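Read the structure below first, then the notes.
Owing to the predicted nature of the structure, the values given are computational and were not obtained by experimental measurement. Nothing fancy with the numbering, it's 1 onward along the sequence. Quick note: numbers below take in every heavy atom, side chains included, and nothing from hydrogens, waters or symmetry partners.
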Amino acid sequence: MASTSISPEDKAKDILGTLSTSQDIMPTLITDLAASLVTARANASTDEAKKSIKALQAQYLDQCNTFLSKQLSSDENDSQTLQVQSATLKSLLRMVMDDTPFTDSFFASPVYPSILRLNTSTTSTLKSESSSSLNTKNDPSKKLSSSASAASATTKTTQEVASDLKPMVIILLSKAFEMASNKDHVRDMSSEIVLADIGSDKLKTRAAGFQALGLIVQADMSSIGAGLLSKEGLLAELMDCIELEPEEIQISLTETLSMACSDTKTRTAIGLHCGEFLKSIVHKGATKNQHLKGAAAVALTKISLAESRKDPSVGMAGLEGDAKAGSNNIGSAEEEANLAKLFSGLLKDDKNDNNSAIQVNAVEGLAYSSIQPAVKHLIISDKALLLSLFQLAEDTKSNPMKYGLIIIFNNLTAFRKRLSPEQEQMLKLKKMAGTLPKSESGRLSNQEDDPLDDEPVVNRRNITLTKLGIMPALHAISHQASENVAQSLAMVLRNLITPTETRGLLVQQGVVRLLIPMALKQASPQQKGASESTKTASTQALAKLCITLDPRLTFKNQRVPELVKPFIWLLDSTDQLCQFESLMALTNLGSMGDVQILSLIVQESGIEKMENLQFSEHTLVRRAATESLCNMIFFEPVFEQYSDPKTGKHKIHLMLALCDADDFMTRRAASGALAVLSTSPQVCQMIMDQERGLEILTSLASLGVIPKTMSKAEAEKVEAKAIEDVMSGQDAVAVVDHDVAVGRMDELRHRGAECFKNLVTIGGKAMSEKIAAQGGIQMLANLVQSSKSEAVQYCAVEALKGMSEQGIQLQ
């Protein structure tokens with residue numbers, strides 16, 4: 001007998017019936033119910049079917065409310081209850097995905113308030129019934145005697161599951177806020193729920209209200225959260241009574257205010273209405289609770305940094321009547337330093353080792369304040385603090401904690417952003433005109449002139465961190481890191497590798513094991529910007545290592561070929577430093593002579609990209625591209641590309657043009673490439689076909705050559721011009737080393753003479769006659785007579801000898 005499959009709609013009805021009657025709910029039933037409802041909705045094609053599904057969704061929401069409304073009672077069933085609530089939240093998230101009508105029903109149902117009031121942390125479950133009247137709340141002497149221990153007594157397992165509910169709630173609310181058709185209505189509804197709970201005479205209800213405010217702000221600060229906090233009079237009303245609340249509620253609100261500081265307008269309002277409360281906690285001894293003090297300090301730090309950057313809509317103007325200068329001015333350097341010291345103290349205090357909430361606040365505060373150069377100096381000068389940060393990184397499994405720590409390390413190691421020539425000129429003009437914006441504290445808003453961020457100082461910070469042993473901390477942070485953490489980690493590693501003094505030690509400590517997977521990882525479509533930034537920074541760090549260290553020892557032979565693809569990928573960067581360092585790394589890899597590596601460079605279009613960069617406006621990039629190609633010329637497939645008139649004509653033309661460049665090292669690389677290529681008869685012909693081909697080679701071979709018939713005065717002029725020619729550009733120095741200059745001249749003469757030798761001996765008599773007709777014989781004779789380099793003399797003699805053997809008269 002054939003079996004009949006049950007429809008998704010019927011399955012949903014069956015599960016709803018089971019859930020309404022069963023006492024022992026299995027979380028998998030809730031998951032199956034959501035899946036059935038989603039499928040049934042997708043299959044519904046008629047109005048009647050859609051109406052039926054909507055009715056089932058309403059029953060589903062009622063059932064969800066039942067599960068989420070259940071209060072924990074500290075008994076052995078709490079763990080099971082929390083698992084059911086967890087499954088319910090996940091099922092709701094699945095239901096609101098891409099379903100605006102259901103989302104609107106979700107907000108209209110009792111489920112939404114139940115989720116906001118759901119116990120998502122042990123610190124927010126207060127024993128409040130014995131102290132529930134407003135009269136008690138307004139009498140500080142009748143506060144709960146042990147508010148610090150007001151959390152419900154739950155087992156360790158229950159606490160862990162409860163803490164897991166919070167991120168699920170935030171994700172669900174964030175998606176629901178996004179899908180809602182009328183966000184203004186949702187904001188007003190949220191405001192009513194929160195204000196009703198906060199205004200309750202029951203402490204537990206008030207605690208739930210403050211928790212709900214925090215959840216909404218964290219889920220959607222941009223519209224719902226900002227709109228709620230900007231409600232007229234709300235912040236001022238909260239400040240009127242917050243000091244009389246238990247510290248758990250003060251912590252909840254303070255952390256909410258800290259999160260809300262991410263919004264510019266809300267941050268302004270918080271600074272205006274809540275600044276005194278926050279400062280009383282941090283500076284005036286209003287509490288000894290380290291958690292509360294840390295949370296308040298984080299909020300003050302965010303406000304302070306906004307003020308120091310002089311965002312017109314941010315700051316504390318008017319907080320104390322008129323903005324008074326001094327240590328009480330939020331935004332002053334002294335204020336920021338004091339806050340940083342507070343965070344440092346919290347992290348170094350052994351009493352806080354097991355208190356993750358205090359540690360998270362302290363790390364977040366340092367992550368913000370370490371943007372300031374003075375705070376960077378404070379941190380790098382405190383060995384105990386650095387070791388505490390390293391240990392925390394090794395111990396934590398929390399991604400938010402990892403993110404805060406890696407931001408601190410990134411701020412400590414980061415170099416000042418390089419400005420383009422146009423930006424530098426604009427900055428100079430602003431300084432001359434005195435139009436650079438300043439903060440209330442008088443500091444330049446862009447911090448460009450702070451000597452604590454000069455390159456030598458940053459190098460010393462990176463050396464200090466490396467020698468102190470930062471690598472184990474970075475290895476720990478890399479484990480199961482989010483994309484944002486990986487992005488900052490790659491930047492930190494690149495910064496640490498920048499001073500050449502750190503590279504050997506970092507390699508010994510396993511930096512390559514961290515970098516190669518990030519460099520090889522494909523960019524994620526969902527986070528393409530962050531992924532590409534991670535890949536760029538890690539590849540650039542590997543390039544730096546390749547430039548100064550032997551790749552065979554640094555990467556081990558079996559891993560070296562893996563580097564080719566990311567290095568060639570980096571050639572497409574718009575950052576000229578990335579282009580330069582990648583080219584230098586490829587030059588070193590190519591010089592190893594490994595056929596596999598050379599083949600990979602060709603296969604990955606490396607030759608074409610190098611040739612494109614020969615047109616770069618930056619001298620160093622142009623030079624590095626030419627040097628890398630010069631190395632590749634020895635590889636037969638590349639040699640053949642350049643030797644084939646169909647593909648090589650323009651390549652030879654460019655090499656000849658670069659032989660006439662101002663930069664000595666570019667000329668040396670280009671002429672070296674031609675010296676090798678001119679062993680091909682086809683290349684010899686392409687050189688002769690170029691309009692200025694012989695002229696350019698003659699200028700190389702005769703550079704600084706002084707015939708014996710030349711007067712002393714003329715000879716001095718010729719030599720001075722030649723020295724200026726080979727010592728100009730990037731390598732110009734105040735006092736020219738004559739021996740170095742002569743050595744450089746000989747290098748170019750040698751390459752030029754080698755080309756002439758090949759043109760004569762390989763190109764044949766026709767080419768020799770053309771060379772002779774343009775004064776080549778006399779030029780070569782002068783080279784033999786005046787050069788002290790045996791290699792130059794040999795090439796010139798061989799060229800003359802070849803001409804003679806071809807029957808050309810040497811006169």
- [ ] Evaluate the side chain to side chain contact (heavy atoms under 4.5 Å, CB included) criterion for residues Cys261 and Thr266: first the C-alpha distance (whole Å), next the side-chain angles of each, then the deciding distance (0.1 Å), finally the verdict.
- [x] CA-CA 6 Å; Cys261 282; Thr266 307; over 6 Å; no

Task: Steps toward side chain to side chain donor-acceptor pair (under 3.5 Å) verdict (Lys521, Thr534) - done: CA-CA 9 Å; Lys521 186 178 178 181; Thr534 303; over 6 Å; no

TODO: Take Leu465 and Thr502, measure what side chain to side chain contact (heavy atoms under 4.5 Å, CB included) needs, and give me the verdict at the end.
DONE: CA-CA 10 Å; Leu465 289 167; Thr502 65; over 6 Å; no

TODO: Begin from the C-alpha positions of Ser222 and Asp263 and carry the test side chain to side chain contact (heavy atoms under 4.5 Å, CB included) through to its verdict.
DONE: CA-CA 7 Å; Ser222 58; Asp263 178 75; 5.9 Å; no

Open item on the list: Pair Met584, Lys544 - check side chain to side chain contact (heavy atoms under 4.5 Å, CB included), show working.
Closed with: CA-CA 9 Å; Met584 292 287 287; Lys544 290 176 187 288; over 6 Å; no

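Neither side chain, Gln211 nor Ser252, offers a donor N or O lying under 3.5 Å from an acceptor on the other. Judged by distance alone, the side chains of Gln579 and Asp575 never bring a donor and an acceptor atom under 3.5 Å apart. Using a 3.5 Å distance cut-off with no hydrogens or angles, the side chains of Arg494 and Ser538 do not pair a donor with an acceptor. No hydrogens or angles considered: nothing links the side chains of Glu248 and His291 as a donor-acceptor pair under 3.5 Å.
For the pair Glu455 and Arg416, the salt-bridge criterion is not met [side-chain N within less than 4.0 Å of a carboxylate O]. In this structure, Arg559 pairs ionically with Glu562, as a charged nitrogen and a carboxylate oxygen lie closer than 4.0 Å. Between Lys302 and Glu364, at least one side-chain N (NZ, or NE/NH1/NH2) sits under 4.0 Å from a carboxylate O, which counts as a salt bridge.
Within 6.0 Å of the NZ atom in Lys565, the count of heavy atoms belonging to other residues, nucleotides or ligands does not exceed 12. Heavy atoms from other residues, nucleotides or ligands lying under 6.0 Å from NE2 of His377 number 12 at most.
Remark: Ile477 CD1 to Ser488 OG distance equals 10.0 Å, nearest 0.5 Å. How far OG1 of Thr498 is from CG of Leu577: 8.5 Å, rounded to the nearest 0.5 Å. The distance from atom CD of Glu581 to atom CG of Leu570, rounded to the nearest 0.5 Å, is 8.5 Å. If you take CG on Leu366 and CG on Asn411, they are separated by 10.0 Å, rounding to the nearest 0.5 Å. To the nearest 0.5 Å, the span separating CG on Leu385 from CZ on Phe343 amounts to 12.0 Å. Atom CG of Leu586 is separated from atom CG of Leu600 by 11.0 Å, given to the nearest 0.5 angstrom.
Among residues at least two apart or in separate chains, there is no salt bridge (Lys or Arg N to Asp or Glu O under 4.0 Å) pair with a member in residues 402-415.
Closest non-hydrogen pair, Thr413 versus Val492, comes out as OG1-CA, 4.0 Å. Taking every heavy atom of both residues into account, Thr254 and Ala295 meet most closely at CG2-C, 3.5 Å. Across all their heavy atoms, Pro551 and Met592 have their closest contact at CB-SD, 4.0 Å. Nearest heavy atom pair, residue Pro472 against residue Gly469, reads CD-O, 3.4 Å. The minimum heavy-atom distance linking Gly294 with Leu346 is given by the pair CA-CD1, 3.9 Å. In terms of heavy atoms, Thr587 sits closest to Asn631 at O-ND2, 2.8 Å.
Arg503 places no side-chain N or O within donor-acceptor distance of the main-chain N or O of Leu545, the cut-off being under 3.5 Å. Checking side-chain atoms of Asn462 against main-chain N and O of Val458 turns up a donor-acceptor pair under 3.5 Å. In this structure a side-chain-to-backbone donor-acceptor pair under 3.5 Å is present from Ser280 to Phe277. In this structure, Thr396 contributes its side chain and Leu392 its backbone to no donor-acceptor pair below 3.5 Å. Between the side chain of Ser174 and the backbone N or O of Ile170 there is no donor-acceptor pair closer than 3.5 Å. A donor-acceptor pair under 3.5 Å is absent between the side-chain atoms of Asp454 and the main chain of Pro456, judged by distance alone. Checking side-chain atoms of Ser628 against main-chain N and O of Ala624 turns up no donor-acceptor pair under 3.5 Å. Here the side chain of Ser381 pairs no donor or acceptor atom with the backbone of Leu378 at under 3.5 angstrom. A donor-acceptor distance shorter than 3.5 angstrom exists from the side chain of Ser591 to the backbone of Asn588, with no hydrogens or angles considered. With Arg267 contributing its side chain and Ile303 its backbone, the two residues share no donor-acceptor pair below 3.5 Å.
Here the side chains of Val298 and Ser258 are in contact, with some heavy-atom distance below 4.5 Å. The closest side-chain heavy-atom distance from Ile358 to Lys293 is not below 4.5 Å. Under the 4.5 Å side-chain criterion, counting only non-hydrogen atoms from C-beta, Pro566 is not in contact with Leu542. Using a 4.5 Å cut-off on side-chain heavy atoms (C-beta onward), Met221 and Met259 make no contact. You'll find the side chain of Phe390 reaches within 4.5 Å of the side chain of Leu387, heavy atoms only. Counting heavy atoms from C-beta outward, Leu563 and Ile597 have side chains that stay 4.5 Å or more apart. Asn399 places none of its side-chain heavy atoms less than 4.5 Å from the side chain of Tyr403. Side-chain contact check for Val360 versus Pro400: every heavy-atom pair is 4.5 Å or farther apart.
Taking the side-chain hydrogen bond (donor to acceptor under 3.5 Å, both in side chains) definition, one finds that Lys609 meets it with Asp572, sequence neighbours left out. Checked against salt bridge (Lys or Arg N to Asp or Glu O under 4.0 Å), Lys376 has the following partners two or more places apart in sequence or in another chain: Asp453.
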